[in-house]
Amino acid sequence: MKLTLTIWRQKDPGAKGKFVRYPMDNVNPEMSMLECLDVLNESLAERGEEPVAFEHDCREGICGSCGFMISGVAHGPLPATTVCQLTMRHFKDGEELVLEPWRSRSFPFVKDLVVDRRAFDRIIQAGGYVSVSTGNAPDGNAIPVGKEEADRAMDAAACIGCGACVAACPNGSAALFTGAKIAHLGILPQGQPERDRRAVRMVAQMHAEGFGSCTNIGECTGVCPKEIPLEVIARMNHDYLYGAWRERRQVVTTIAPATDWEFGKK
Amino acid sequence: MKLDAGIPSGPIEQAWDKARFEMKLVNPANKRRHNLIVVGTGLAGGSAAATLGELGYNVRCFCFQDSPRRAHSIAAQGGINAAKNYPNDGDSIYRLFYDTVKGGDFRAREANVYRLAQNSVNIIDQCVAQGVPFAREYGGSLENRSFGGAQVSRTFYARGQTGQQLLLGAYQALERQVDAGQVTMFPRSEMLDLIVVDGKARGIVVRNLVTGKLSVHIADAVILATGGYGNVYYLSTNAKGSNATAIWRAYKRGALFANPCFTQIHPTCIPVSGDYQSKLTLMSESLRNDGRIWVPKQKGDKRPPNQIPEGERDYYLERRYPSFGNLVPRDVASRNAKAVCDEGRGVGETGLGVYLDFSEAMQRLGEETIRERYGNLFDMYQRITDENPYKVPMRIYPAIHYTMGGLWVDYQLQSTIPGLFVLGEANFSDHGANRLGASALMQGLSDGYFVIPYTVGNYLASTKLGKVSETGAEAQAVLTSVQQGVERLLAIPGRRTVDSFHRELGKIVWDDCGMSRTAPGLKDAIGRIRALREEFWQNVNVPGSSNDLNQSLEKAGRVADFLELGELMCMDALERNESCGGHFREEYQTPDGEAQRDDEHFSYVAAWGYTGPGNPPELSREPLEFHYVHPSQRSYK
């Protein structure tokens, strides 16, 4: 099949970006969106042009590396699918696809379709864990967890941290991502001791990163490749509200967002 | 070189306790004076960095991905083994040890495997405490499933995303230490060389993948947890970024590379569909719990599977191996799939595929139960192939999945370079010639959570370390050579893309050093790899520059290393005149086609040492001794 890929090309954050059209004559319907970009990149390299930079790694929809907008939809038209698993048979012969990076103030631009999602790591640093050092654990079966509880925790824990939720949200909110971790740990008995503090700190970090607020639009869950339910945001708000009251005497500190790639300096 | 694994004397059950007691300790106040480097953030590297941070060391941790959470451990699906014996079905530490040594076809080191089995129970406890949402029974206790090569149910799992959940547990523990200031994280940073000073590993040279800047990092010890080298084959189930560069460059600095030809072919992957294909997708081995593998009895039977009557189907694993059936180990399952396809009984358009059929299990358990157990795998299969596995059998074919070989390490996980420790898939130690399913996650976490925290302390407490500076002559010399390597790649005025070289290399090793190997084929492959490498350095085209994000340049460096490693794999396979585990030499098989070991001549670890460019590598042998599990012809019949 034939397709036209119209791709955002921008060498670095300081350069001026533009859309470039690439007609593709020989697209196999069985190939994935990323394999289609591989084919394009091979031909660009052969012509001496610089290939399109895009993020990818596992190509099984689990590492969360890949992702860009396809004609305005994060990860493209197929529900519950990352671009690495989106096969071209879902597009029509002759269609034009517009590929552009996640656009969010909190995801600084890097190159072409690549952005910087370190803000997500910092949200996890702000409490997205159970503080249990190696060696402190009781026997696995000493902490019973009901099957339904475990399943609900797993539904939230399935988040791959790709950032599609932020890109899809008109407010640029990271509530689905943050809520997913707060819900995963908040549902389980292991997460109870730090539940208040976790919610307060993670929400504070989310705001410090410049992500927008949630207004219950639901675009995030619509594009989420793991179909994280909107309910996790309600849970985040619930835990935040209780936590903010109970932790009202605690000073909440946030981590300074890093904006460049020079490492090692504080 | 004489290789001493340093295995503690005395009964194997007490070896690890004894070793730990004999180790020197670093007192808490001194720990913060030590700087450590961890490269890689998968299960081994992530858990090591987190645990070393908890202990109070200053850790710098590096990964090439944009976040430590993306390491390829995340893609492990089926589960993690542990000798908990919760199902009360006869499991024990000794049995897990026994199964692993036997599963590895008697080419692993007994003491290491025993320690792994011991640690397995602590791993589950640790992960549960971190909040890993393992599958549960209604009563709240942990649920288990079965995996290949075992007759007990000892595999813990979190749907089909066990690797993801375990990795997120380690990642969260790591981020906690980043927040605490114990670990400094360097994402998008690729290690390009090792700095050895006075014979000890003292640092690394790293390329910042966004700015292209090279930098020197000095430490008291370097820990590599950079995964396996399955991407030598181009098409594999590894992530596209998985590479051998860190361990290969350490090899060129003096670390021995052990058993490079021991690679694992996973029997259940989605078959190749076209030449644009960039990677292969695994379907978890857990599917073999309920799926039945078959091909038509007739050659070239092109009828759709549901029109082939029961009597005309050959459930070849159940027929040949009645006691293990569809749950034979991976090497056996893969070889049998190849054999039936070679006979012309393969299915699908290419004839390179066999059926994995759930219809019987669905009749027995109901579609809902199957959906609950494997739903996400079935969805993934359908997304890729556009076929509904609830209605038609899956088509599967073997693919490269894991590499048992890796840098040689002793019982302390230290390589032949003092101060260089190697964990997880990057080392060679625990799986022999074949890894059993659900054991990779176990080894990564055992090494990272429960072994390295002790052994690195022992090294630091018992070693006198001189002062090394980032601007010193040794470090700067390594930096300069890395700089020259990068510039050399960009300066080649070639015409062929990096990927085209990689594909060609992959085909050579898959054909001649893949599921079955012969001496003439291996010799021929060595010649062709050398010629290809020659051409690479004349004719590769690496676009872009060195001072920004340049994915072509990253790939070119990795493929240059694969072109050398591929040759070493073939040399190792040629030298090992026997069949064992995943290494199947056609010349050495039993009358009924099973792998024929030669314990008299090959019961050793083959460890190769670098002797300079153009020189043949030097082979050292570590003899393997079996005091507990006596080598026998592996039988799963």
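Keep in mind it's a predicted model, so treat the numbers as computed, not measured. So that the names make sense, note that chain A is the first sequence line, chain B the second, and so on, each numbered from 1.
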Structural part of [X] lying under 4.5 Å from a heavy atom of chain A:
X	value
N208(B)	side chain
Q277(B)	both
L142(B)	both
E372(B)	side chain
I123(B)	neither
T385(B)	backbone
F156(B)	neither

Tell me, out of [options], who's got the most heavy-atom pairs with chain B below 4.5 Å.
options	answer
I255(A), D112(A), L188(A), I124(A)	I124(A)
G140(A), P144(A), G48(A)	G140(A)
A142(A), A80(A), A126(A), G127(A)	A80(A)
P51(A), G61(A), G64(A), A153(A)	G64(A)
A158(A), G191(A), A156(A)	A158(A)
A45(A), A53(A), S131(A), P189(A)	S131(A)

Looking at [options], which one has more heavy-atom pairs under 4.5 Å with chain A than the rest?
options	result
V128(B), T237(B), V542(B), D379(B)	V128(B)
Q165(B), R495(B), Q161(B)	Q165(B)
S500(B), S278(B), G241(B)	S278(B)
V121(B), L55(B), D386(B)	D386(B)
A173(B), A135(B), P187(B), S47(B)	P187(B)
E175(B), E54(B), R176(B), R69(B)	R176(B)

Can you say whether [X] sits under 4.5 Å from chain B via the side chain, the backbone, both, or neither, judging by heavy atoms?
X	result
E30(A)	both
R89(A)	side chain
I160(A)	both
E148(A)	side chain
I143(A)	both
D121(A)	both
N136(A)	backbone
V39(A)	side chain
R59(A)	both
V110(A)	side chain

Under a 4.5 Å cut-off applied to non-hydrogen side-chain atoms, are [X] and [Y] in contact?
X	Y	answer
Q85(A)	I384(B)	yes
D57(A)	F64(B)	yes
S67(B)	R117(A)	no
T87(A)	R383(B)	no
H72(B)	C58(A)	yes
K111(A)	D548(B)	yes

[X] and [Y]: which non-hydrogen atoms are nearest, and at how many Å?
X	Y	result
T211(B)	E262(A)	CG2-OE2, 4.1 Å
S133(A)	Q126(B)	O-NE2, 3.5 Å
D125(B)	P138(A)	CB-O, 3.3 Å
R188(B)	V115(A)	NH2-O, 3.1 Å
A75(B)	E60(A)	CB-OE1, 3.9 Å
E42(A)	D499(B)	OE2-CB, 3.3 Å

Distance-only, no hydrogens or angles: does the [X] side chain make a donor-acceptor pair with backbone N or O of [Y] under 3.5 Å?
X	Y	answer
Q164(B)	C159(A)	yes
H184(A)	G131(B)	yes
Q551(B)	F54(A)	yes

Once you round to the nearest 0.5 Å, how far does [atom1] of [X] lie from [atom2] of [Y]?
X	Y	atom1	atom2	result
S273(B)	M31(A)	OG	CE	9.0 Å
Q172(B)	L185(A)	CD	CG	5.5 Å
C84(A)	K279(B)	SG	NZ	8.5 Å
I62(A)	R70(B)	CD1	CZ	11.5 Å
L174(B)	Y129(A)	CG	OH	11.5 Å
I124(B)	N141(A)	CD1	CG	10.5 Å

Does [X] come within less than 4.0 Å of [Y], counting only side-chain N to carboxylate O?
X	Y	result
D139(A)	K84(B)	yes
R201(A)	D179(B)	yes
K147(A)	E143(B)	no
E149(A)	R136(B)	no
D155(A)	R159(B)	yes

Report yes or no: do N26(A) and Y276(B) form a side-chain donor-acceptor pair below 3.5 Å?
->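 Distance-only check fails for N26(A) and Y276(B).
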Could you tell me whether R503(B) atom CZ has more than 12 heavy atoms of other residues or ligands within 6.0 Å of it?
->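 It does: R503(B) CZ has more than 12 such atoms within range.
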